[in-house]
Amino acid sequence: MTVVPRLVLSAPSSGHGTSAVALGLLAAFAERGLDVAGFKVGPDQVDAGYLGLAAGRPGRTLDARLVGPERVPALFGHGAAGAGLAVVQGTMGLYDSVAGQPETESTAAVAIALRSPVVLVVDVAAMGQSVAALVHGFRAYDEQLWLGGVILNRVASPRHEAMLREALDDVGVPVYGAVRRHELPPVLPARRHGLAPVVGRDADAVRAVRRLGEAVAATLDLDRLLTLARSAPPVPGEPWSPEPAESAGPADPAAGIVPPGGSPVIAVAGGPGGDYGPAETAELLRAAGAEVVRFDPLRDEALPAGAAALVVGGGLPESYAEQLSANRRLCIAVAELARTGRPVLAEGTGLLWLARELDGLPMCGVLDATGVSRDGVVVGYRSATARTDSVLAPAGATVVGYKEHRAVLTPRAGQAPAWSWDGGAPEGFVWRGVHASQLMVHWAGQPGVGARVVAAARAAATLGAPA
C-alpha cells in the first residue's frame with residue numbers, strides 16, 4: 001500500500017479553472033517547502049508537464065484506457081513516492097469519459113480507485129444559491145465518491161461569496177476558498193507551444209506557475225486542504241516499478257530481463273525540464289540497462305555521443321516545425337542513425353520530423369513522405385494491432401494508443417505499416433530499426449517494451465547494422 005496525502009481536483013465540466021487551481025496549489029505548497037507531486041487524469045501530457053514544473057518532479061498522466069485500470073493506483077504510488085502531498089488534476093467533468101466508460105476512466109473512477117477526497121472547483125460567476133443543488137447532486141450521484149468540499153472560482157464580491165458559503169453550509173459542504181474574478185489570470189504560454197516551454201524551462205512558463213502559486217496561496221485555505229489530504233487512507237496495492245520482473249525467464253528479454261552486455265546510450269528527446277514523453281519511458285529504459293541521455297531537438301545540433309537508439313515522445317509540438325527544420329545538422333545525424341539500422345522510435349510530431357518535409361520545410365528525410373498541416377484536429381483513442389514486427393511490438397500485438405494532431409502525412413503508411421485499427425487504413429512506418437507513428441503508446445501499459453528497445457540498441461551498437 002501507498003501512504004501519501006492526496007487530493008483530486010475536478011469540476012462540473014471543463015472551463016471552471018481546475019488547471020489553474022491545481023498548478024497554483026502545487027506551486028504554493030512547494031514554496032512552503034513541501035515535497036509535492038502532480039498528476040493529470042487522461043492522456044494530456046501538456047497539463048502533466050506543467051504540473052511537473054510546478055511540483056519540481058515529473059508530472060505524470062493517469063490514463064486507465066492507455067495503461068489499464070488496474071495500473072492506475074500502482075502508477076500513482078510510484079510517482080508520488082516520498083511526497084508530502086499529491087494533487088491529481090481531473091479531466092472534463094467529474095463523471096465524464098471521452099470514451100464512454102466513466103466507470104473506469106472518469107475522474108471520479110480514478111478518485112475512487114485512489115481512495116482520495118475530491119475537491120470540486122466551481123465557476124460561480126453566474127450562480128447564486130443554486131451552487132448548493134449542483135454540488136449536492138455531484139456528491140449524491142455516486143455513494144463511493146468522497147466529495148471533500150469545494151473551491152469557488154470567479155466570485156464577484158464579498159456579498160456574493162457570503163451567499164454562496166451560506167447555501168453550501170446548509171447542505172454540509174465545506175468551502176476551502178473563494179477566488180475573485182481575474183485572480184487566476186490566463187498567464188500560461190499558449191497551448192500551441194505544447195510541452196516546449198516546460199521542457200525548456202522557459203522563463204515565461206516558470207513565472208506563470210509562480211504567479212498562480214501566489215494567487216492560490218492568497219485565496220485558498222491551504223492548511224485545511226492539507227488536513228483533508230492527510231485524512232486519505234492508504235492507496236491499495238503495491239507501487240508500479242520499472243524494474244524487470246524477477247519471475248520472467250532469463251532468456252526472454254521482451255519479458256523484462258536485462259540481457260548481458262554493456263549499457264547502450266539511448267537518446268531521448270527532451271530538455272532540462274523533462275522529456276517529450278511520459279516519465280515512465282526513460283525509467284523503463286534505465287531499468288532495462290540503458291544509459292538515457294536527453295537531447296533537445298529544437299536546440300542541440302548533435303545527438304548524444306555514442307547514441308545507439310533514439311526515442312522521440314508524442315509531446316513534441318507541431319507548431320515548432322520551422323525550428324526542427326532549421327536544425328539541419330541534427331536532421332542529418334538522425335537520418336544517419338536510422339540508415340545504419342539503429343532503433344528509432346518516434347511518435348506524434350516525431351513521425352513528421354522523420355518525413356521528407358512538413359508544410360514545405362525540409363525535415364530529416366528518413367521516410368519518403370510529406371506532411372501538411374490542416375485546421376481540424378484528429379483526436380481520440382485507437383485500439384491498434386501491430387502490422388509489422390518492430391522494436392516496439394511484435395506483429396499481431398494489440399495496444400491502446402492515443403492520437404492528437406493537426407498535420408497529416410502522405411502516404412499515411414509505408415510498405416511495412418506500423419498499425420491498423422477498425423475503421424481506418426493502416427498507419428505508420430516500420431523500416432529497418434525505425435518505428436514511427438502518430439499513435440502515442442504509454443509504455444507502462446505494455447510490459448517488455450523497455451527491455452525490447454534496449455536489447456535492440458545493444459545489438460545494433462555491438463554488432464553493427466546493414467549499410
Side-chain angles (χ1 to χ4, degrees), residues 1-11 18-42 44 47-48 50-64 67 69-91 94-95 104-121 138-139 142 144-151 173-174 176-177 213 216-217 220-240 279-280 444:
M1 290 192 172
T2 301
V3 179
V4 58
R6 58 197 179 276
L7 297 170
V8 172
L9 293 185
S10 190
T18 309
S19 296
V21 173
L23 286 172
L25 274 179
L26 287 169
F29 279 113
E31 181 65 23
R32 283 187 166 194
L34 195 65
D35 191 351
V36 293
F39 300 84
K40 170 67 178 180
V41 176
D44 192 336
D47 276 2
Y50 276 98
L51 292 169
L53 181 62
R57 65 158 74 184
R60 301 171 189 264
T61 59
L62 298 174
D63 192 312
V67 303
E70 72 284 353
R71 288 194 183 91
V72 168
L75 287 168
F76 172 84
H78 170 72
L85 173 67
V87 174
V88 180
Q89 178 190 330
T91 182
L94 178 58
Y95 294 105
T104 57
E105 298 173 11
S106 65
T107 299
V110 170
I112 292 168
L114 298 181
R115 305 172 72 183
S116 174
V118 174
V119 177
L120 205 64
V121 180
F138 272 84
R139 180 178 58 181
D142 188 339
Q144 297 183 81
L145 185 83
W146 176 7
L147 185 62
V150 301
I151 292 170
V173 175
Y176 290 97
V216 163
L220 302 188
D221 192 333
L222 299 185
D223 292 331
R224 287 178 63 218
L225 283 167
L226 187 57
T227 298
L228 175 65
R230 286 172 173 168
S231 69
V235 178
E238 295 300 315
W240 177 82
E280 292 85 357

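Just so you know, these numbers use all the heavy atoms, side chains as well, and skip hydrogens, waters and symmetry mates.
In this structure, the side chains of Leu51 and Leu23 come closer than 4.5 Å at one or more pairs of heavy atoms. Contact annotation: the side chain of Ile151 approaches that of Tyr176 to within less than 4.5 Å [non-hydrogen atoms, C-beta and beyond]. Contact check for Thr91 versus Asp44: no side-chain heavy atoms found under the 4.5 Å cut-off. The shortest distance between side-chain heavy atoms of Leu145 and Leu94 falls below 4.5 Å. Using a 4.5 Å cut-off on side-chain heavy atoms (C-beta onward), Arg6 and Phe39 make no contact.
Between the OG1 atom of Thr2 and the CG atom of Leu114 there is a distance of 9.5 Å, given to the nearest 0.5 Å. For the atom pair Thr61 OG1 and Glu280 CD, the distance stands at 6.5 Å (nearest 0.5 Å). The CG atom of Leu120 sits 11.5 Å away from atom CZ of Arg139, with the distance rounded to the nearest 0.5 Å. One finds the CG atom of Leu9 at 10.5 Å from the NZ atom of Lys40 (value rounded to the nearest 0.5 Å). One finds the CG atom of Leu85 at 5.5 Å from the CG atom of Leu7 (value rounded to the nearest 0.5 Å). Expressed to the nearest 0.5 Å, how far CG of Asp142 lies from CG of Leu147 amounts to 11.0 Å.
Residue pairs meeting the side chain to side chain donor-acceptor pair (under 3.5 Å) criterion with at least one partner in residues 223-236, sequence neighbours excluded, are Arg32-Asp223. Applying the side chain to side chain donor-acceptor pair (under 3.5 Å) rule to pairs touching residues 72-90 yields Ser19-Gln89, Asp47-Gln89, His78-Glu283, sequence neighbours excluded.
Contact between Gly149 and Val173 at its shortest, heavy atoms only, is CA-CG1, 4.0 Å. Considering every non-hydrogen atom in both Thr104 and Ala64, the closest pair reads O-CB, 3.4 Å. Listed here is the closest heavy atom pair of Ser10 and Thr18: O-OG1, 3.7 Å. Taking both residues in full, the closest heavy atoms of Val4 and Ala80 are given as CG2-O, 4.0 Å, listed atom of the first, atom of the second, then distance. For the residue pair Leu222 and Ala28, the shortest heavy atom distance occurs at CD1-CB, 3.9 Å. A pairwise comparison of heavy atoms in Trp146 and Pro233 identifies CZ3-CD, 3.9 Å as the closest pair.
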message = Evaluate Val8 against Val41 for side chain to side chain contact (heavy atoms under 4.5 Å, CB included), listing each step before the verdict.
response = CA-CA 9 Å; Val8 172; Val41 176; 5.6 Å; no

query = Can Val87 and Val36 be said to form a side chain to side chain contact (heavy atoms under 4.5 Å, CB included), step by step?
reply = CA-CA 8 Å; Val87 174; Val36 293; over 6 Å; no

key: Stepwise side chain to side chain contact (heavy atoms under 4.5 Å, CB included) test for Val88 and Leu62   = CA-CA 9 Å; Val88 180; Leu62 298 174; 4.2 Å; yes

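Proximity of a side-chain donor or acceptor of Tyr95 to a complementary backbone N or O of Phe138 within less than 3.5 Å is detected. In terms of modelled atom types and a separation under 3.5 Å, the side chain of Arg115 and the main chain of Ala232 share no donor-acceptor contact.
Annotation for Glu31: atom CD does not count as buried by contact number, only 12 or fewer foreign heavy atoms lying within 6.0 Å.
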